[in-house]
Amino acid sequence: MFLLGTGTTLAAAYLAACGKEPSAQIAAKEIPVGGAIMIDEVIFAQPQEGVFKAWSRRCTHQNQMITEVEGLTATCTAHFSQYNLEDGTPIQGPARGPLQEYGVSNDGGTVVTTAS
Ligand code: FES
């Protein structure tokens, strides 16, 4: 446990030194293939095995927090906009704009987002 925490701290320090603050991280194995999971203000998705995406949970309609994911669809229950988590585009309004995408790195099985 101590070693895991140390590795995480080193990864965060490295990213901070590069000017890219990580906003969230998760073990790659926790992200379902063909699905997604929400961590803090980030939605991690794995549309295909080994392909990771990260999106902001902020809805582009009125900036509410997205609260539901099912498969590769995210739903903002404020007014029921839905987004495709392969490309971030809305598939049902009222939202018109795509979700903000974050950069992603896979560091030894830990997927880390960086503000892009
Ligand atoms: S704020 Fe998300 S649908 Fe309106």
Side-chain angles (χ1 to χ4, degrees):
M1 193 65 141
F2 174 76
L3 290 176
L4 177 61
T6 301
T8 301
T9 302
L10 289 175
Y14 172 76
L15 291 169
C18 295
K20 297 177 181 177
E21 296 289 339
S23 49
Q25 64 183 32
I26 186 172
K29 65 184 178 185
E30 299 296 323
I31 307 170
V33 176
I37 187 168
M38 295 180 285
I39 302 290
D40 299 328
E41 293 199 15
V42 176
I43 303 170
F44 288 98
Q46 188 173 189
Q48 298 152 12
E49 189 168 353
V51 177
F52 299 101
K53 301 276 189 171
W55 309 101
S56 169
R57 283 181 64 191
R58 291 288 173 186
C59 180
T60 61
H61 176 229
Q62 291 182 352
N63 207 36
Q64 297 297 307
M65 192 75 87
I66 290 170
T67 54
E68 293 182 4
V69 293
E70 185 173 333
L72 290 171
T73 301
T75 302
C76 175
T77 55
H79 310 102
F80 296 98
S81 289
Q82 291 189 312
Y83 298 88
N84 177 338
L85 295 175
E86 286 191 81
D87 60 11
T89 57
I91 53 178
Q92 175 176 296
R96 292 188 196 166
L99 295 173
Q100 179 184 359
E101 185 171 12
Y102 292 101
V104 175
S105 67
N106 185 351
D107 182 13
T110 299
V111 178
V112 178
T113 65
T114 57
S116 54

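Throughout, numbering of the chain's residues begins at 1 and tracks the sequence. Values in this document were obtained by computation on a predicted structure and should not be read as measured data. First listed ligand is number 1; within each ligand, the first listed atom is number 1.
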Atoms of ligand 1, numbered as shown, that sit under 4.0 Å from any heavy atom of Cys76:
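Under 4.0 Å from Cys76, ligand 1 has these atoms: 1 (S), 2 (Fe), 3 (S).
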Can you tell me how far apart CD (Glu101) and NZ (Lys53) are? Round to the nearest 0.5 Å.
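So the gap between those two atoms works out to 5.0 Å.
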Atom of His79 closest to atom 4 (Fe) of ligand 1, considering N, O or S atoms
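Sorting the N, O and S atoms of His79 by distance to atom 4 (Fe) of ligand 1 puts ND1 first.
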Protein contact of atom 1 (S) of ligand 1 - nearest heavy atom, named by residue and atom, plus distance
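Residue, atom and distance for the closest contact: Gln62 N, 3.4 Å.
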Protein residue, atom and distance nearest to atom 3 (S) of ligand 1, heavy-atom basis:
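Of the protein heavy atoms, Ser81 OG, 3.2 Å lies nearest.
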Examine all N, O or S atoms of His61, backbone included, and report whether one is under 2.8 Å from atom 4 (Fe) of ligand 1.
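A backbone or side-chain N, O or S atom of His61 is under 2.8 Å from atom 4 (Fe) of ligand 1.
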Presence of N, O or S from Cys59 under 2.8 Å of atom 4 (Fe) of ligand 1:
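False for Cys59.
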Checking side-chain contact (heavy atoms from CB on, under 4.5 Å) against Tyr83, which of Thr60, Leu72, Thr73, Ile91 comes through?
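Per the side-chain contact (heavy atoms from CB on, under 4.5 Å) rule, the option paired with Tyr83 is Thr60, out of Thr60, Leu72, Thr73, Ile91.
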For Gln64 and Cys76, indicate whether the former's side chain and the latter's backbone hold a donor-acceptor pair under 3.5 Å.
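No; judged by distance alone, with no hydrogens or angles, the pair does not exist.
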Distance-only, no hydrogens or angles: does the Gln46 side chain make a donor-acceptor pair with backbone N or O of Gly50 under 3.5 Å?
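Yes, the answer is positive, given that a donor and an acceptor are paired below the 3.5 Å cut-off.
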Compute whether any side-chain donor of one residue and acceptor of the other, for Thr89 and Asp87, lie under 3.5 angstrom apart.
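Yes.
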